[in-house]
Amino acid sequence: MSTTMIGGREVHVDEEGFLTQYDEWDEDLAKQLAALIGVDLTDRHWTAIRFLRRDYRSQGETATLRRAAQLCGIPIKELFQLFPKKPAKKMAYIAGLPKPHGCV
Amino acid sequence: MKRLLILGAGTAGTMAANKLRRRLHPDEWRLSVVDQSETHFYQPGYLFIPFGRYRPDEVSRPSRRLLRDDVDLIHGEIALVEPDHNRVLLTDGRALAYDYLVIATGTTPRPDQTPGMADGRLWRSSVFDFYTYDGAVALASALGDFRGGRMVVHVVDMPIKCPVAPLEFTFLADAYFRECGIRDDVELVYVTPLPGAFTKPIASHRLGSMLEERKIVLETDFMVESVDPDTKTLVSYDEREIPFDLLVTVPLNMGADYVAKSGLGNELNYVAVDKHTMLSKQFPNIFAIGDANDLPASKAGSVAHFSVEVFADNFVRYVGGKPMLRRFDGHANCFVESGAGKGLLIDFNYDTEPLPGRYPLPWLGPCRLLAESPVNHWGKLAFRWIYWHVLLPGLPVPLPSHLTMAGKHPEE
Ligand SMILES: Cc1cc2nc3c(=O)[nH]c(=O)nc-3n(C[C@H](O)[C@H](O)[C@H](O)COP(=O)(O)OP(=O)(O)OC[C@H]3O[C@@H](n4cnc5c(N)ncnc54)[C@H](O)[C@@H]3O)c2cc1C
């Protein structure tokens with residue numbers, strides 16, 4: 001596991017840049033992470049990201065796209081518009097959570 | 001008299017009932033199993049039905065004959081579990097009380113969950129599934145009539161039971177079209193929501209090159225939104241379109257609806273359990289085994305088998321007031337048919353991805369892991385006999401239920 005500097009702060013990340021320590025994240029950092037992948041955060045984005053944070057804390061793993069859509073009430077289609085191309089990965093990245101493994 | 005109620009007489013429910021009946025005293029325990037179907041299906045056989053390799057009657061048996069005589073079999077559809085009253089309701093109004101409940105109602109393909117997929121103009125005329133008995137039989141006649149065109153094999157979303165089955169189907173289809181002499185007239189496309197051919201990196205790489213060698217086009221990261229019945233295309237959420245003449249899809253797999261209605265399910269109706277003991281996270285007298293639970297393992301008969309061994313030993317201790325000693329490690333092993341009389345074998349668990357090597361004996365095999373060989377193909381075919389005669393009766397199988405690293409090569 002390595003560390004990197006984001007927005008003047010040192011954080012732990014995996015090979016793909018996903019944060020590995022839950023507590024190193026805050027909403028300021030989320031803005032930086034979003035900027036790095038070209039996402040402009042709106043209220044809708046925040047709804048999804050805050051859901052993902054809460055859900056991770058209770059479940060111990062990153063929600064899949066289907067779970068996020070169902071439990072935070074944003075349809076999958078809209079999640080694709082908010083986080084283009086790879087919404088599950090991008091949401092997790094901005095929320096400072098491990099990449100959803102989702103499937104075995 | 002205590003009552004153990006098992007919901008579902010499929011692979012996991014049947015094995016658990018037969019194993020536990022031997023170990024729970026008949027004067028102290030009544031053991032009942034509920035299922036809506038009177039027939040038990042050998043689902044791995046569905047893979048071969050479309051190619052005419054199994055007759056439909058080779059994959060089914062009456063459920064009653066597969067359970068010991070001293071297990072009651074109740075025929076009925078489960079409507080609701082009331083965990084606060086330790087009671088299960090059937091759709092015909094019967095109520096069944098329990099002291100301990102084991103949920104083993106598996107997972108089912110749900111074409112209704114993708115708009116357009118179950119449309120009457122397409123369903124079972126140009127859109128098929130082979131995850132049900134009826135689907136596999138219908139597909140056999142469609143393949144018999146198929147003279148060429150674009151055949152798309154597709155997975156809606158993970159998890160699905162037997163995650164290698166759609167790849168196996170694709171390999172077998174490739175071999176089948178070659179045998180019929182029409183391979184050049186068929187364009188074969190494999191469409192998956194995953195970033196590669198399979199979930200785990202080394203196997204994904206190996207299986208991905210096998211697609212390439214066979215000139216099968218791989219379309220990844222495809223999250224289907226709908227099927228357009230007018231143009232016969234798959235449409236994704238990010239607006240990609242894949243046209244087809246024949247679509248063989250694996251619809252969204254979901255646990256039984258009563259699980260969700262009873263407040264026991266996640267977003268796909270799977271029961272949340274401890275991943276080492278299969279005990280419900282909500283209720284201390286409910287377990288969920290086989291495909292019905294949310295274990296981060298493959299949904300497969302082999303997982304059901306290895307985990308039921310652990311479960312049965314634990315259950316006997318647990319109801320005797322003793323701690324559960326055994327811990328399930330997510331062990332799965334699957335034969336992967338690759339066509340033309342060959343197959344691969346993969347063996348993995350929660351922590352170790354499928355690796356090359358030999359199984360079950362290090363160096364000797366006879367099965368080669370993650371490599372094609374005829375032995376693996378014969379292993380797969382022999383498995384049907386083992387399923388009916390050894391696994392379902394709950395007889396001991398001389399394979400360790402946990403994964404072993406002996407004979408595996410992490411760095412090949
Ligand atoms: C095409 C295909 C190929 C496969 N190949 C392999 C393979 O090669 N190797 C492997 O290990 N696994 C394979 N599998 C997976 C394997 O068949 C399943 O993982 C296994 O059967 C799971 O067992 P289970 O008991 O959890 O569920 P099931 O065996 O599906 O049993 C569930 C039972 O519950 C009953 N039920 C459901 N809902 C209700 C209700 N509401 N009321 C009453 N009864 C209900 C059903 O009738 C059924 O009898 C394959 C599956 C498919 C579809």
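For clarity, every value in this text was computed on a predicted model and none was experimentally measured. Chain letters run A, B, ... following the sequence lines, proteins first and then strands; every chain starts at 1.
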Might you confirm whether atom CZ of A:R50 has over 12 heavy atoms from other residues, nucleotides or ligands at distances under 6.0 Å?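 Check passes, neighbour count above 12.
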
Give a yes or no on whether A:D40 atom CG has more than 12 heavy-atom contacts from other residues, nucleotides or ligands under 6.0 Å away.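 No.
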
Closest contact, heavy atoms only, A:K86 versus B:D221: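 In terms of heavy atoms, the two residues are closest at NZ-OD2, 3.1 Å.
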
Which atoms of A:K89 are under 4.5 Å from chain B, going by heavy atoms: the side chain, the backbone, both sets, or neither?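 Contact with chain B involves no heavy atom of A:K89 at all.
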
Pull out the residues in residues 67-83 of chain A that come under 4.5 Å of chain B, heavy atom to heavy atom, sorted by number.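 Counting heavy atoms that sit under 4.5 Å from chain B, the residues of residues 67-83 of chain A involved are A:R67, A:Q70, A:I76, A:K77, A:F80.
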
Residue pair A:R66, B:L252: steps toward the side-chain contact (heavy atoms from CB on, under 4.5 Å) verdict: CA-CA 11 Å; A:R66 204 169 285 280; B:L252 188 64; 3.7 Å; yes

Could you tell me whether the side chain of A:T64 reaches within less than 4.5 Å of the side chain of B:M158, counting heavy atoms only?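 In short, these two side chains do not touch, never coming nearer than 4.5 Å.
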
